[in-house]
Amino acid sequence: MKKIQSMSESGFLKLFFAFIAACFLIAALCMPDRAQMGTGLVAILTSTCKISTSCFTVGGFSAAFLNMGIVAAACCLLFCIPGAKANNVSTLAFLLTVGFAGWGLNVLNTLPTVLGVCLYCLVRREKLSANVNAMLFSTGIAPLISDLLLRYPNAESIGFNLPGALLALVVGLAIGFFLPAGLAHSPKVHKGFDLYSAALPVGVMAFFLNAVLYKTLGVDLPAVELGDLTIASRLAVNIFCCAVFGLCVVLALALGCRPRDYWRLLTCRQIGVSFSATFGNAAFLMNVGVYGLFILAYYNLIGVSFNAVTFGIIFCMLACCNSGSHPGSVWPIMVGYALFSFVFSWLSGLVGGSFAYPISAQAIAVGLCFANGLSPISTKYGWQYGILAGGLHYLLVTSVPNLHGGYCLYNGGLTAAFICLMLIPILERFAKTREERLAKK
């Protein structure tokens, strides 16, 4: 334990990534349908996966855990590239990629964009080790790669074919090649108030490719094959998450995290801060456990169906645990979602509308996952503005897929960027920050 306590931030985070990968791989072997693990994994690799496609439905429980474990292990291998450093952004990229593996991503549809980032490094003569995060973020457009590979320009899947493979490779290389430039520019657009910063360049690329490959060419956009999202296991998800997050809390205590250490993290008013670098590895690990259990409790409370989509978004939401999100900064976002859901349900009845987005709806549950990326607004301006940001995100998140055709896994993160474009200029002009209000008092 002393060796772990003395590890550098990068070394500790790489060990944490390996721990998460091991948890998924072990869980895959413990699932009751493990005899069908291999055939289920093949089904996941060969299926289309526009949002939201549950891997529990496509391949079964064991195969879904195996797919997430393999993706996590592949990410760990990328961080083993000599000279690669892991930081808070790496935590975001890793957990996002693992979460996406539950409902739209696998090792096959991620290869072309990862190779595109490698091509960028070759042309620009940059080190691969400095662009591992970009490789992981590039996978957010994986559903498009699967569609190009398996069915473009058809509405139904035709399986692997040479023209599809070549098109998927060319498009993936182009996406990965240009993404690092977009990643560098994105924070200037939202000023650091969208923790899912990669969502903006990935979403814009998906918007552009949807227009070029489908709208402009007159190719019908394939429907989203949702499958049966009611195929779920509340027991399996709760046992796995309670075990993993509970173990994180226990290990954090064993590493010396004291209540006041975690309290310092919860009361931090800086945005863009790295928790592991600022407060230490133990406090970061404590936030993983506490915040993870907080997210799990919320989804249990609102009564969502625990399919692979819901399971995956728990880890997508947890991804910000090292960059600014914790229970204290995220609860206003959750309240905003719930409040606007009730208000617009009532307004829909008044105007004779057909209300389809209660707080427990699948699309809204996924939307809230990425709305937590707006937590810097709560941190800087206060909980009341966090509620407003969450409510505005609720209003837009189900409409944004019309832009990218369901091909951007960062749909909610892209919505958060739009909220920042609208709300931050208004807050900067008319609202006072927490520090300004305290100074005035």
Relative to each other, are the rings of His326 and Phe275 parallel, tilted or perpendicular (30° and 60° limits)?
tilted
Can you name the nearest heavy-atom pair linking [X] to [Y], along with the distance?
{"X": "Tyr410", "Y": "Ala199", "answer": "CB-CB, 3.5 Å"}
{"X": "Ala252", "Y": "Leu285", "answer": "N-CD2, 3.8 Å"}
{"X": "Cys268", "Y": "Phe279", "answer": "CB-CZ, 3.7 Å"}

Contacts satisfying ring pair (Phe, Tyr, Trp, His ring centres under 6.0 Å) that involve residues 363-382 (not counting sequence neighbours) are Tyr196-Phe370
Sequence neighbours excluded, which residues qualify as ring-ring contact (aromatic ring centres under 6.0 Å, His included) partners of [X]?
{"X": "Tyr152", "value": "Tyr214"}
{"X": "Phe193", "value": "none"}
{"X": "Tyr298", "value": "none"}
{"X": "Phe240", "value": "Phe24, Phe65, Phe311"}

Please check: side-chain N/O of Arg124 versus main-chain N/O of Cys121, any donor-acceptor pairing under 3.5 Å?
no
Hydrogens and angles aside, do Asn109 and Ser146 bring a side-chain donor and acceptor to less than 3.5 Å of each other?
yes
Counting only pairs under 3.5 Å, give me each side-chain donor-acceptor contact of residues 69-86, with atom names and distances, residues two or more places apart or in other chains.
none

